[in-house]
Structures are given as structure tokens and as C-alpha cells.
Amino acid sequence: MARLSDIIESFIKEMLNENGGDQVQIQRNELADQFRCAPSQINYVLTTRFTSDKGYVIESRRGGGGHIIIKQLTYDGTEQRSRLIYDAIGSSITYHNALSIIENLYELDIITEREKEIMKIAINDRSLISIEEKNKSRADILKGMVMVILS
């Protein structure tokens, strides 16, 4: 049986697909009512499953008619490449966050499964075992691969 977080994530992704994959607008309280959960559960899903390293941007509007807009990033130009390299990867990245970026590139059909596996091996802790600043080196390696893939 799937966990509630997985079900909510799937529901939001399905909404994105129905809207052409661009963006979706939700109201946290309404979604919480629909899934019979606390609004904090919706927040948890948004903050853990819809992050920039996974290819999403969240915009929140508070107030009486407040809503949340979830945008799925696409990588089809220099601006998106720069945003990915400088914002999502930065000067240091953990293995877990790097994997999220690679998985997102694969899900968007930007890289093949073979390329995904090669990239995962290149940034693996075992590949960086003798390096002092693994996360910095991992970020440099990932940036180089992304530059080649998205050029």
C-alpha cells in the first residue's frame, strides 16, 4: 500500500501532466481536505518532493485567496541551464541532491538510462574517495556533465 505522501505526490504530478506539464495551482487546505490529512502533510510533500533539484519551483501566495503554484522546469535553453548549474547545483552538492537532478533529467528524456547510470557512477562517493571536499568536486563534475548534455 502506498504512503499518503506518495499518493499526494502522484496526484500533483498527474495534475501537472493534465495541464501540459507547465504548472498547476493548488490550494493547500482544499487538497488537505480531499486527502483527509493535515495541511502540514501537503507542505511536507511540497518541500520534499517538489524541490528545485528535482526540477520544480514553488510559488506561494498567502491571504484569503491564497494558493500555491507548482511549476515544472524545462531545460531548453541557456537560461534554464544557468539556473540549473548555479542555483540547483551551486558550488557544492550532496550525493542525494545530485541524484535528484540526474533523475529529473532522465524523467524529462534529456538523458538516456545509460547516461543516467554513467553520471551516477561519476559522482558516487567511491569515485571521489580520495578527495577532501567531495561535495565541491561532485558539483564541479555534475556541472561539467550538465553543460555538455544541455549544450
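No hydrogens, no waters, no symmetry mates; every other heavy atom, side chains included, goes into these values. On a predicted model such as this, the values are computed, not experimentally measured, just so you know.
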Exercise for review: Carefully, step by step, assess Ile68 and Gln25 under the rule side-chain contact (heavy atoms from CB on, under 4.5 Å).
Suggested key: CA-CA 6 Å; Ile68 297 168; Gln25 179 176 313; over 6 Å; no
Exercise for review: Apply the test side-chain contact (heavy atoms from CB on, under 4.5 Å) to residues Ile26 and Met15: give CA-CA distance (whole Å), side-chain angles for both, the deciding distance (0.1 Å), then the verdict.
Suggested key: CA-CA 10 Å; Ile26 62 169; Met15 287 177 65; 3.8 Å; yes
Review point. Given the rule in the side-chain contact (heavy atoms from CB on, under 4.5 Å) test, do Ile42 and Val45 qualify, once you have shown the distances and angles that lead to the verdict?
Key: CA-CA 5 Å; Ile42 305 301; Val45 171; 5.8 Å; no
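The two atoms that bring Ile111 and Ile102 nearest to each other are CD1-O, 3.7 Å, heavy atoms only. Looking at every heavy atom in both residues, Leu128 comes nearest to Ala122 through CD2-O, 4.4 Å. Contact between Ala98 and Ile123 at its shortest, heavy atoms only, is CB-CD1, 3.3 Å. Pairing each heavy atom of Asp125 with each of Lys134, the nearest pair is OD1-CD, 3.9 Å. Between Tyr95 and Arg138, the shortest heavy-atom distance links the atoms N-NH1, 3.4 Å.
Distance alone, capped at 3.5 Å, places no donor-acceptor pair between the Gln41 side chain and the Ala38 backbone. Of the possible polar contacts, one joining the Thr47 side chain to the Tyr44 backbone as a donor-acceptor pair under 3.5 Å is found. Side chain of Ser127 to main chain of Ile121: a donor-acceptor pair is present (N/O by atom type, distance under 3.5 Å, no hydrogens or angles).
One distance of note links CD of Gln23 with CD of Glu59; it measures 7.5 Å at 0.5 Å rounding. Within the model, atoms CZ of Arg49 and CD1 of Ile58 stand 13.0 Å from one another, a figure rounded to the nearest 0.5 Å. Put simply, CG on Leu142 and CE on Met145 are 5.0 Å apart, with the number rounded to the nearest 0.5 Å. In this structure, the separation between NZ on Lys13 and CD on Glu18 is 15.0 Å, given to the nearest 0.5 Å. The distance from atom CG of Leu31 to atom CD1 of Ile8, rounded to the nearest 0.5 Å, is 6.5 Å. From Asn104, atom CG reaches atom CG of Leu99 across 12.5 Å, with rounding to the nearest 0.5 Å.
Heavy-atom neighbours of Glu133 CD from other residues, nucleotides or ligands within 6.0 Å: at or below the threshold of 12. More than 12 heavy atoms of other residues, nucleotides or ligands lie within 6.0 Å of NZ in Lys116, so this atom counts as buried by the packing criterion.
The side-chain heavy atoms of Tyr56 and Leu16, taken from C-beta on, include a pair separated by under 4.5 Å. Side-chain atoms of Ile101 and Ile93, non-hydrogen and from C-beta on, do get closer than 4.5 Å to each other.
A continuous path of hydrophobic side-chain contacts links Phe11 to Ile7 [ILVMFWY only; heavy atoms under 4.5 Å]. One hydrophobic cluster, built from ILVMFWY side chains closer than 4.5 Å, holds both Leu4 and Phe50.
A salt bridge does not link Glu117 to Arg114: none of the charged nitrogens lies less than 4.0 Å from a carboxylate oxygen.
Residue Lys143 is tested with Asp140, Ile141, Val146 for a side-chain contact (heavy atoms from CB on, under 4.5 Å); the sole match is Asp140.
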